[in-house]
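Counting convention: from 1, in listed order, for ligands and their atoms alike.
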Amino acid sequence: MAGHVASSYAVAHVPGDGVGPEVTEVARTCVDAVAARRGFAVRWRPYELGAKHYLATGEILPDAALAELRQADAVLLGAVGSPDVPPGVLERGLLLRLRAELDLYVNLRPSKLRAGVPNAVSSMKLSDLDLVIVRENTEGLYAGAGGTVHRGTEFETATEESLNTYAGVRRCVRYAAELAASRSGRLTLVHKTNVLGHAGRLWQRVSAEVAAEQGVQLSYAHVDAACLWLVDDPARFDVIVTDNLFGDILSDLGAALTGGLGLAPSGNLNPDRSGPSVFEPVHGSAPDIAGTGRANPAGAVLSAGLMLAHLGQPEAAADLDTAVSAVLAAGAPASTGEWEKALLDSLEGGS
Ligand code: IPM
Ligand code: MN
């Protein structure tokens with residue numbers, strides 16, 4: 001489609017904590033390099049959100065910051081979290097809140113084996129593992145439903161409820177089916193319908209409906225079997241659609257099989273484009289290596305690539321993907337600085 005392609009984008013940059021600033025700085029530099037080459041510009045707007053800001057001010061995501069983020073064309077996020085903040089505070093208050101407020105109902109997590117990357121299963125060919133996990137990103141067990149009663153007694157009862165709405169499941173499966181149609185035409189629903197029958201039946205019915213509408217071939221795997229097959233026979237998967245928690249877990253497995261979390265990108269998408277989408281590496285803030293110069297920026301660079309694709313710059317996105325592959329094929333650099341240099345060299349070499 002020959003739509004209008006903008007020549008300049010306002011991107012909110014939320015470097016966050018730990019290695020977040022280090023890896024997104026490299027991603028920014030790479031984006032600027034491909035933008036110059038491809039004839040567009042990115043106006044970066046930095047936002048100080050995350051553990052440091054929270055500890056200094058008590059603010060997690062102030063309304064004013066959220067209002068500004070809503071105006072951006074996209075958000076590039078590094079990582080949030082610190083050992084000084086209790087687990088859950090920033091995850092729920094920042095990451096999950098952004099996913100809900102901006103209606104980022106798809107979490108796109110490609111897993112691709114690249115040449116030069118040591119993988120956990122040595123018998124794998126590159127073509128065996130090139131898949132995309134489409135993770136529902138606003139519902140399921142992440143919706144926050146549940147509670148605790150009789151706290152502190154022997155009868156303390158904690159519940160977590162998985163919310164699955166017809167509309168929510170449908171819009172996610174629809175995105176996945178369209179993606180499958182643009183790739184191999186194969187879509188796999190991953191769930192646990194043999195136990196989680198209520199949600200499972202909804203997912204299965206909706207997936208069958210949507211697959212028929214989009215003309216894609218639908219298969220099904222229980223999540224436990226999907227883990228086994230991802231290791232044993234990943235070629236059977238192309239596009240996987242699954243609920244929020246299963247997608248969270250499967251995408252870490254996908255990352256482990258393709259070189260580790262350092263390489264894994266993600267896009268939290270609002271496919272309806274009623275607001276910006278948020279792109280972040282799958283890895284966290286890695287406080288143990290923060291500041292050592294050893295963080296791998298590839299996950300952040302590939303996330304920036306997903307961002308450029310979403311913004312309508314597929315050639316620039318492909319440039320970043322190709323550069324990461326080229327650097328890996330030549331032997332992965334050990335430091336963030338070497339990564340940056342190698343990526344820029346590869347981008348300048350042009351392919
Ligand atoms: C991820 C992370 C988050 C999630 C956490 C930090 C809330 O693990 O993006 O995969 O569970 O979605
Ligand atoms: Mn995760």
Side-chain angles (χ1 to χ4, degrees), residues 14-20 23-24 27 49-54 60-61 74-111 131-146 160-164 168 172 190 223 226-227 230 240-270 276-288 290 295-296 298-300 302-304 306-307 310:
V14 182
D17 306 310
V19 299
V23 297
T24 51
L49 298 169
K52 218 169 34 196
H53 183 80
Y54 171 66
I60 301 179
L61 179 57
V75 180
L76 181 68
L77 194 143
V80 293
S82 149
D84 302 329
V85 179
V89 173
L90 296 168
E91 289 88 335
R92 212 157 253 302
L94 186 50
L95 295 178
L96 301 190
R97 180 148 179 245
L98 278 178
R99 292 175 188 176
E101 295 273 5
L102 301 177
D103 210 11
L104 307 173
Y105 65 81
V106 160
N107 197 321
L108 189 69
R109 297 191 158 187
S111 261
L131 57 86
V132 183
I133 296 171
V134 174
R135 164 185 177 188
E136 199 294 319
N137 210 30
T138 53
E139 302 194 335
L141 280 159
Y142 279 65
E160 303 282 352
E161 289 171 50
S162 174
L163 303 193
N164 301 263
C172 174
V190 171
V223 63
C227 289
L230 272 174
I240 289 175
V241 66
T242 191
D243 88 349
N244 209 334
L245 185 63
F246 294 148
D248 178 46
I249 298 167
L250 285 178
S251 57
D252 268 28
L253 178 54
L257 290 170
T258 51
L261 273 182
L263 290 177
S266 85
N268 297 270
L269 305 184
N270 173 332
S277 295
V278 177
F279 299 84
E280 54 171 335
V282 177
H283 65 71
S285 57
D288 52 327
N296 182 343
L302 293 171
S303 301
L306 295 178
M307 176 179 87
H310 184 77

Legend entry - atom 2 (C) of ligand 1 [closest protein heavy-atom partner, distance rounded to 0.1 Å]: D248 OD1, 4.1 Å

Legend entry - Nearest-0.5 Å distance, CG of residue L95 to CG of residue N268: 8.0 Å

Legend entry - Closest to atom 5 (C) of ligand 1 (judged by heavy-atom distance), picking from R109, E280, E91: E91

Legend entry - Test side-chain contact (heavy atoms from CB on, under 4.5 Å) applied to N137 and V106, step by step: CA-CA 5 Å; N137 210 30; V106 160; 5.8 Å; no

Legend entry - Minimum heavy-atom distance G254-T258, with the two atoms named: O-OG1, 2.8 Å

Legend entry - Name of the D248 atom (N/O/S only) found closest to the Mn ion (ligand 2): OD1

Legend entry - Salt bridge present between D248 and R135 (N-O < 4.0 angstrom): yes

Inset, instruction - Please report the shortest heavy-atom distance between V23 and A300, naming the atom on each side. - result: O-CB, 3.6 Å

Inset, instruction - Could you tell me whether ligand 1 has any atom less than 4.0 Å away from a heavy atom of H283? - result: no

Legend entry - Nearest protein heavy atom with distance in Å, relative to atom 11 (O) of ligand 1: Y142 OH, 2.6 Å

Legend entry - N, O or S atom of D252 closer to the Mn ion (ligand 2) than 2.8 Å: no

Inset, instruction - Specify the protein heavy atom at minimum distance from atom 3 (C) of ligand 1: its residue, its atom name, and the distance to 0.1 Å. - result: R99 NH2, 4.1 Å

Inset, instruction - First locate atom CD of E139, then atom CG of N164, and finally report the distance between them rounded to the nearest 0.5 Å. - result: 6.5 Å

